[in-house]
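Written out below as structure tokens is the structure these notes cover.
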Amino acid sequence: MSAAGRPRAEVGQDEDRIDLAALPDPRPMVAVTSTATRRLLDGDVRRPAPVTNALLLGQQLAEARGAARALIDRTPTDLAVMVEELRRWYYTLHPDERERLLWQRFTEAKQRHARLQHAIEVVREALEVERPALVRAHAERDTLAIRPLPATIEEEASGIRADAVRRYQSVGIECQQRETAIAELERLLPAHEQILGQLPDVTARVLEAVVTVDRAALVRRLRESGELEHLRSRLERLRAASTTHAAEIANWSQQVGRPLRIPRVAFSWPSAPVWQALLGAPAEGPELVWDDDGTASNA
């Protein structure tokens with residue numbers, strides 16, 4: 001029966017019916033993700049992990065800073081005061097341990113400086129890793145945010161969208177963690193860098209004091225032990241040994257009317273002028289001479 005012969009109700013039903021086959025396929029209209037996006041969704045892109053433990057690095061910084069602060073506080077700014085304090089402490093020690101323990105003071109100062117410097121370098125390196133990692137994490141999160149909704153039942157059932165949502169949430173948490181870590185490390189650095197800036201001068205003052213006490217102890221030991229007098233006596237004996245029987249040699253040379261062929265003892269060290277100066281000068285004890293002391297003798 002033709003449409004004209006059908007009841008009116010049936011004609012309306014045919015006119016309202018939609019031919020799905022005649023409509024364009026909706027699937028080609030779905031945005032096609034780029035290769036980079038697909039790699040992100042498939043997990044092919046890797047970023048530095050895990051997020052830097054700012055709490056642990058902060059503890060290491062605090063410990064290094066505490067040791068450095070203690071060194072700064074106990075080191076007098078006046079070198080003369082520091083030398084006197086160190087000298088009094090030095091002579092309370094056992095003679096066999098004095099030199100080792102004295103130089104241990106400088107070694108500890110160097111170690112405290114190196115420890116704080118290393119802790120700061122670790123934080124700086126962590127920031128160099130975290131900052132670009134945060135940029136990449138933000139980029140990934142933005143890419144995942146534009147992922148289209150499933151266009152078909154098959155895509156919904158495949159769970160691709162659910163995976164993308166979970167990945168988006170995970171990357172969002174990562175961004176927050178990295179932002180927190182960066183903010184904390186940037187907050188900690190200035191105070192510790194300020195302390196580090198004071199340490200070279202403090203360590204240098206410790207070295208000045210240690211060497212001064214060490215050399216003063218050497219001068220005192222030489223003055224009290226007579227080592228220089230013993231050295232002078234030894235040099236005189238060596239000179240005498242090198243000229244044995246000089247009188248007889250001269251006498252017989254005169255009798256025979258010619259020089260006797262007898263080898264001499266020649267010392268290449270010290271040189272002859274130095275040798276004569278050593279034996280001609282009094283064996284006085286040494287003294288400490290400061291370069292900025294214009295009244296000190298030339299030693």
Exercise. Side-chain donor-acceptor pair under 3.5 Å between Q59 and E63, yes or no?
Worked result: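 No, E63 and Q59 have no side-chain donor paired with an acceptor closer than 3.5 Å.
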Residues [X] and [Y] bridged, charged N to O under 4.0 Å:
X: R141; Y: E174; value: no
X: E84; Y: R88; value: yes
X: E236; Y: R239; value: no

For this session: Check step by step if side-chain hydrogen bond (donor to acceptor under 3.5 Å, both in side chains) holds for H138 and E179.
Result: CA-CA 11 Å; H138 276 304; E179 289 169 353; 3.0 Å; yes
For this session: Sequence neighbours left out, what passes side-chain hydrogen bond (donor to acceptor under 3.5 Å, both in side chains) with Q276? Give chain and number order.
Result: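 Checked Q276 against side-chain hydrogen bond (donor to acceptor under 3.5 Å, both in side chains); zero matches.
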Student check: side-chain heavy atoms of [X] and [Y] closer than 4.5 Å:
X: T212; Y: W290; value: yes
X: R178; Y: T52; value: no
X: V83; Y: E85; value: no
X: R223; Y: E287; value: yes
X: L102; Y: L86; value: yes
X: E140; Y: R167; value: yes

For [X] versus [Y], what's the shortest heavy-atom pair and its separation?
X: A126; Y: L185; value: CB-CD1, 4.1 Å
X: S253; Y: I249; value: OG-O, 2.7 Å
X: L79; Y: R205; value: CD1-O, 4.1 Å
X: H192; Y: L116; value: O-CD2, 4.0 Å
X: R112; Y: L71; value: NH1-N, 3.9 Å
X: L188; Y: G58; value: CD1-CA, 3.7 Å

Exercise. Honestly, is R220 close enough over Y91, meaning NZ or CZ under 6.0 Å from the six-membered ring centre and within 45° of the axis?
Worked result: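 Yes, cation above the ring, under 6.0 Å and within 45°.
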Exercise. With a distance cut-off below 6.0 Å to the six-membered ring centre and an angular limit of 45° from the axis, does R98 pair with W89 as a cation-pi contact?
Worked result: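 Checked: cation-pi criterion not met.
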Exercise. Out of L199, D201, V206, T203, which one pairs with T75 under the side chain to side chain contact (heavy atoms under 4.5 Å, CB included) rule?
Worked result: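 Result: among L199, D201, V206, T203, V206 is the only option passing the side chain to side chain contact (heavy atoms under 4.5 Å, CB included) with T75.
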Exercise. Does a sphere of radius 6.0 Å around CH2 in W103 hold more than 12 heavy atoms from other residues, nucleotides or ligands, not counting ones at 6.0 Å or beyond?
Worked result: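 For W103, atom CH2 is crowded (more than 12 foreign heavy atoms under 6.0 Å).
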Exercise. Heavy-atom count around R234 CZ within 6.0 Å, excluding the residue itself: above 12?
Worked result: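 Incorrect, the count does not exceed 12.
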For residues 117-124, dump all side-chain donor-acceptor pairs below 3.5 Å to protein atoms at least two apart in sequence or in another chain.
from : atom 1 : to   : atom 2 : distance (Å)
R124 : NE     : E193 : OE2    : 3.2
R124 : NH2    : E193 : OE2    : 2.8

For this session: Any chance you could lay out the salt bridge (Lys or Arg N to Asp or Glu O under 4.0 Å) test for E97 and R100, step after step, and finish with the verdict?
Result: CA-CA 6 Å; E97 294 292 320; R100 181 183 67 83; 2.4 Å; yes
For this session: Return yes if some donor-acceptor pair links the side-chain N/O of R232 with the main-chain N/O of A281 below 3.5 Å, else return no.
Result: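 Yes: the side chain of R232 pairs with the backbone of A281.
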Exercise. Should R131 and E186 be marked as a salt bridge (Lys or Arg N to Asp or Glu O under 4.0 Å) after you check the CA-CA gap, both sets of side-chain angles, and the distance that decides it?
Worked result: CA-CA 11 Å; R131 286 166 179 151; E186 289 179 341; 2.7 Å; yes
Exercise. In the single-linkage hydrophobic clustering (I, L, V, M, F, W, Y; side-chain heavy atoms under 4.5 Å), do V129 and L134 co-cluster?
Worked result: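 In one cluster with V129: L134, no.
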Exercise. Mind checking whether L279 and V274 sit in one hydrophobic cluster, side chains of I, L, V, M, F, W, Y counted as touching below 4.5 Å?
Worked result: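 The answer is yes; both residues are in one hydrophobic cluster.
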Problem set entry | Test applied, side-chain hydrogen bond (donor to acceptor under 3.5 Å, both in side chains); reference residue, E108; option that passes from K110, R105, Q104, Q111 |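 By the side-chain hydrogen bond (donor to acceptor under 3.5 Å, both in side chains) criterion, E108 pairs with just one of K110, R105, Q104, Q111: Q104.
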